[in-house]
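What follows is a single structure, written as structure tokens, with notes after it.
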Amino acid sequence: MTTSIPISQTQHFNWQECLWYLNRGFDDCIYQVRAGSVRRAFELEGQQMLVDISYADGSLKLQWLAGLQSTSTINHVHQFVADWFDLERDLTSFYTHLQANKSLAYMADNFKGLRFIGMPDLFESLAWGIIGQQINLSFAYKLKRRLVETYGTSLRYDNEQYWIFPSPANLASLEPAVLRDLQFSQKKAEYLITIAKLFADNAISKPILFALPDFLSRQKLLTDIRGIGVWTANYVLMKSLKENSSIPYGDVGIINALIAHSIISDKKDVKAIDAFYSEFPGWESYLTFYLWRSLAVKPGN
DNA sequence: TCCCAGGAAGTTC
DNA sequence: GAACTTCATGGG
């Protein structure tokens, strides 16, 4: 059976752009992009599900290939997908800001309809942030795949295997040495296990973060955890909690994109970076995402 | 070989 | 506090 999720502001929605970003040359083990659709497995209350997501007539269509459709599973997956593709955003103001900047105006056309691709699962988002620290993205995706294929769960459908990110409980009891075998550094192994324990003990969760009064208090809760600095905290707040004004300071990708657009000339010029971002109040996270998008090049473009 | 990767923590001055 | 050092390994 198929279910449907409406999209706000469909004039600023381009499904092919979103799919292209998902499939932009990195090997993410957590979903599979096909022609016109993406497939992803979910797990809720011990139930595994597989959903094929496509676009038609102003809404996303979810075809349930496997797993139980109940009120709770449908609600869970719908909320996840709406967050994943930022379906409720109105980009009109963002594009106005882009067009006001000579160097970036092209993005409002070239990337039109690309929604912020989020990571709704907070644990996955934090784990991914830690994995991605200071290593190139190709290697980071390899580490993620090894982690998921060793400690995650999966389901088979139509001769394909669909992986589900390991639960905190499954990682909390590990020794760092077994992650070292997957080529995690000692520190990343320790960080990841520590965070898995915090999740397993319910010391951190989306509701806990959302209950805090503002951005800085959420950031502090995260950076007080060993292994999470400002970069990781702001990355996660942007990708998972949909903070609009989060800038992952120090991000190599952002710096390279700003240099490529002749917006800064020195990676240490924090003042120039802040001045640039101040042109996009409320859209700092989107701007960051579009800068990352600019680093990936479409064949033929 | 050398330098860089979508950093963080610890140490030194 | 700013500036190094260490971690750790793939990729160009």
**Message:** Is the distance between the ring centroids of A/Phe94 and A/Tyr290 under 6.0 Å?
**Reply:** yes
**Message:** What residues from residues 248-275 of chain A pass a heavy-atom cutoff of under 4.0 Å to DNA chain B?
**Reply:** A/Gly250, A/Asp251, A/Val252, A/Gly253, A/Asn256
**Asked** How far, in whole Å, is B/dA9 from C/dG10 if one measures between their P atoms?
**Response** 24 Å
**Message:** Less than 6.0 angstrom separating the ring centers of A/Trp20 and A/Phe111, yes or no?
**Reply:** no
**Asked** Who are the side chain to side chain donor-acceptor pair (under 3.5 Å) partners of A/Ser4, not counting sequence neighbours?
**Response** A/Ser59, A/Lys61
**Rounded interatomic separation in angstrom, taking CZ from A/Phe26 and C1' from B/dA5** = 11 Å
**Message:** Enumerate the ring-ring contact (aromatic ring centres under 6.0 Å, His included) contacts for residues 187-214 of chain A, please, sequence neighbours excluded, ordered by first and then second residue.
**Reply:** A/Phe123-A/Phe199
**Prompt:** What residue pairs, at least two apart or across chains, pass ring-ring contact (aromatic ring centres under 6.0 Å, His included) with a residue in residues 31-52 of chain A?
**Reply:** A/Tyr31-A/Trp84, A/Phe42-A/Phe80
**Message:** A/Ser37: which residues meet the side-chain contact (heavy atoms from CB on, under 4.5 Å) condition with it, sequence neighbours left out?
**Reply:** A/Arg34, A/Asp52, A/Ser54
**Request:** Could you check whether A/Ile225 gets within reach of a base, just the sugar-phosphate, or nothing at all, counting any heavy atom under 4.0 Å?
**Result:** sugar-phosphate
**Message:** Tell me whether A/Arg156 contacts the main-chain N or O of A/Gln161 through its side chain, where contact means a donor paired with an acceptor under 3.5 Å.
**Reply:** no
**Request:** Kindly state which residues belonging to residues 176-186 of chain A come within less than 4.0 angstrom of DNA chain C, counting heavy atoms of the residue only, listed by number.
**Result:** A/Arg180, A/Gln183, A/Ser185, A/Gln186
**Prompt:** When rounded to the nearest Å, what value does the distance between P atoms of B/dA8 and C/dG11 take?
**Reply:** 22 Å
**Asked** A/Leu192 CG to C/dC7 P: how many Å, rounded?
**Response** 21 Å
**Request:** Look at the rings of A/His12 and A/Tyr95 and say which category their plane angle falls in: under 30° parallel, 30 to 60° tilted, over 60° perpendicular.
**Result:** perpendicular
**Asked** Should the heavy atoms of other residues, nucleotides or ligands under 6.0 Å from NZ of A/Lys267 be counted, would the total exceed 12?
**Response** no
**Asked** Cluster partners of A/Leu65, using ILVMFWY side-chain heavy atoms under 4.5 angstrom, listed by chain and number?
**Response** A/Leu50, A/Leu155, A/Tyr157, A/Tyr162
**Residues which pass side-chain contact (heavy atoms from CB on, under 4.5 Å) with A/Gln183, listed by chain and number, not counting sequence neighbours** = A/Phe139, A/Leu143, A/Arg146
**Sequence neighbours excluded, every pair satisfying side-chain hydrogen bond (donor to acceptor under 3.5 Å, both in side chains) that has a member inside residues 192-201 of chain A** = none
**Asked** When rounded to the nearest Å, what value does the distance between P atoms of C/dA2 and B/dA5 take?
**Response** 23 Å
**Request:** Please list residues of residues 130-143 of chain A whose heavy atoms come under 4.0 Å from any atom in DNA chain C, ordered by number; otherwise none.
**Result:** A/Asn136, A/Phe139, A/Lys142
**Request:** Looking at every strand, decide which applies to A/Arg24 at a 4.0 Å heavy-atom threshold: base, sugar-phosphate, or nothing.
**Result:** base
**Request:** Report the distance from atom CG of A/Leu62 to atom CG of A/Leu60, rounding to the nearest 0.5 Å.
**Result:** 7.0 Å
**Request:** Give the rounded distance in Å between these two atoms: CH2 of A/Trp231 and P of B/dA9.
**Result:** 13 Å
Hey, what are the protein-to-nucleotides 10-13 of chain B N/O distances that come in under 3.5 Å?
from	atom 1	to	atom 2	distance (Å)
B/dG10	OP1	A/Arg226	NH1	2.7

**Request:** Calculate the interatomic distance between A/Glu190 atom CD and C/dA8 atom C1'; express it in whole Å.
**Result:** 13 Å
**Message:** Just the rounded figure in Å: distance from P of B/dA9 to CD1 of A/Ile228.
**Reply:** 9 Å
**Item:** Any residue meeting side chain to side chain donor-acceptor pair (under 3.5 Å) with A/Gln32, in chain and number order, not counting sequence neighbours
**Value:** none
